Engineer: 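Let me begin by handing over the structure; questions about it come next.
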Amino acid sequence: MEDVYIDRVISGDIEAFSYFIRTYKNMAFNISYAIIKDEQYAEEVTQDAFMKAFNGLKKFNRTATFKSWFYRIVVNESFLRLRTLKIRHSIVSIEEQEDAILEEQIEDASETHTEKIHEVLSLLDAKESLAIELFYLQELSINEIVVITGWSKANIKVILHRARKSIRQIWKNK
Amino acid sequence: MYNEENEFKDDFIKGIAKNTDRKELSEDFEINLMNAIRLRSEFKNDIASKLRKSLYYFLTAIVLVLAYITITISSKLAVDNTVSLLSIITLFIVIVISILITSNYSRLLNKSIIYKE
């Protein structure tokens with residue numbers, strides 16, 4: 001199905017690309033947001049990723065699915081932007097996270113369940129957050145995550161273990 | 001049978017993740033992005049057509065120069081039976097320059113480096 005749209009775009013039918021935007025825009029945005037944790041930047045990165053995909057569609061060799069190929073672009077662009085922004089998600093330690101949570105607990109006692117979940121996930125580092133997004137939310141297999149992120153299987157398992165541990169720890173402290 | 005995905009089955013984590021607000025982009029995102037793609041594509045086609053035209057004029061000029069030099073050399077050969085070193089050097093330089101510039105044109109057209117921001 002997607003091959004038909006890819007062929008149409010390659011043969012010059014620009015409008016056919018809107019199929020990919022419609023299908024993947026929200027998933028790509030959520031992946032980017034899981035890494036950057038800023039809506040505005042995540043939207044910009046999603047846009048850049050679509051532009052890159054459009055310009056590079058001729059080079060897509062179809063050994064992987066379009067989804068994996070495109071998500072890889074999104075992941076690479078997001079980490080590139082994260083490095084540029086020097087957001088310090090990846091260096092926030094568990095202790096600092098706990099302190100932040102405690103402070104906010106005092107400040108806001110009437111926090112809703114959804115907000116609490118959102119906050120727990122926002123405290124994870126970029127890699128852990130991405131692993132949770134891809135494995136539990138987009139329900140991708142570990143092999144697919146290998147293709148998308150370029151990390152090794154063992155590395156993904158370690159990150160998933162660490163992410164689960166971090167979530168439980170943060171949740172317990174809330 | 002062992003399934004590595006089962007190792008990470010975790011209803012608690014899945015529950016937390018699923019309860020997070022999923023972020024959605026507005027309809028405008030698609031419209032704006034498609035407009036940007038259309039603009040970029042028009043720009044790309046415009047540049048490519050200008051490049052092709054420019055390459056055509058350049059090749060015509062080169063062919064004319066080469067023809068002129070060849071005729072000059074051959075007419076000189078017919079009269080004096082000798083060719084000046086300057087003519088040979090000129091011919092050589094023109095050929096080298098034309099090869100270099102033509103390859104540069106084809107690089108621009110094929111590798112699309114003009115489309116990069």
Side-chain angles (χ1 to χ4, degrees), chain A residues 9 12 14-15 17-18 20-22 25-34 39 42-43 46-51 53-56 58 113-122 129 131-133 135-143 145 153 156-157 160-161 163-168 170-171, chain B residues 1-53 55-56 103-117:
Chain A
V9 176
I14 299 168
E15 300 309 315
F17 195 71
S18 63
F20 296 107
I21 301 176
R22 258 195 315 278
K25 67 175 184 182
N26 290 326
M27 284 182 273
F29 179 54
N30 278 292
I31 288 176
S32 184
Y33 183 79
E39 283 192 33
E43 189 174 332
T46 310
Q47 187 162 346
D48 292 348
F50 273 117
M51 278 296 205
F54 177 77
N55 288 328
K58 278 181 191 168
H113 185 68
T114 318
E115 281 168 345
K116 187 176 162 184
I117 289 168
H118 185 73
E119 197 187 308
V120 168
L121 291 179
S122 72
S129 191
I132 295 287
E133 170 72 33
F135 190 79
Y136 291 105
L137 284 158
Q138 311 245 356
E139 296 180 339
L140 299 175
S141 68
I142 290 180
N143 285 331
I145 300 175
K153 253 187 190 184
I156 291 165
K157 287 181 180 179
L160 276 172
H161 270 301
R164 285 164 66 199
K165 204 176 154 192
S166 300
I167 290 177
R168 283 180 191 280
I170 297 166
W171 189 262
Chain B
M1 206 178 103
Y2 173 72
N3 181 354
E4 58 191 359
E5 264 80 39
N6 290 342
E7 200 184 321
F8 296 98
K9 268 197 178 155
D10 191 326
D11 292 335
F12 172 72
I13 303 291
K14 199 167 183 170
I16 286 183
K18 291 266 179 198
N19 274 308
T20 324
D21 286 337
R22 300 301 287 156
K23 306 215 170 286
E24 289 198 357
L25 287 164
S26 63
E27 284 296 309
D28 287 347
F29 176 83
E30 188 183 329
I31 296 165
N32 293 338
L33 185 55
M34 279 311 291
N35 283 339
I37 287 172
R38 273 184 219 110
L39 270 175
R40 177 77 62 95
S41 197
E42 276 168 26
F43 171 74
K44 188 171 134 179
N45 292 339
D46 190 35
I47 296 288
S49 103
K50 279 179 183 163
L51 263 176
R52 263 184 229 111
K53 215 179 263 180
L55 176 63
Y56 170 76
S103 73
N104 193 41
Y105 267 113
S106 58
R107 191 168 57 89
L108 282 170
L109 284 164
N110 295 332
K111 297 208 170 177
S112 308
I113 59 166
I114 49 165
Y115 311 138
K116 284 192 178 168
E117 281 169 329

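What you see is a predicted model, and the numbers here were worked out from it, not measured in a lab.
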Engineer: Does Asp28(B) have any salt bridge (Lys or Arg N to Asp or Glu O under 4.0 Å) partners at least two apart in sequence or in another chain, and if so, which?
Structural biologist: none

Engineer: Under 4.5 Å from any heavy atom of chain B, what part of Leu137(A) do you find: side chain, backbone, both or neither?
Structural biologist: both

Engineer: With rounding to the nearest 0.5 angstrom, report the CG to CZ distance, Leu25(B) to Phe29(A).
Structural biologist: 5.0 Å

Engineer: To the nearest 0.5 Å, tell me how far Phe17(A) CZ sits from Leu33(B) CG.
Structural biologist: 7.0 Å

Engineer: Tell me, for Glu133(A) versus chain B, whether the close heavy atoms (under 4.5 Å) come from the side chain, the backbone, both or neither.
Structural biologist: side chain

Engineer: At a heavy-atom separation under 4.5 Å, does Ile14(A) approach chain B through its side chain, its backbone, both, or neither?
Structural biologist: both

Engineer: Under the rule for ring-ring contact (aromatic ring centres under 6.0 Å, His included), what residues qualify as partners of Tyr105(B), not counting sequence neighbours?
Structural biologist: Phe58(B)

Engineer: State, with a plain yes or no, whether a side-chain heavy atom of Glu24(B) is found less than 4.5 Å away from one of Lys25(A).
Structural biologist: no

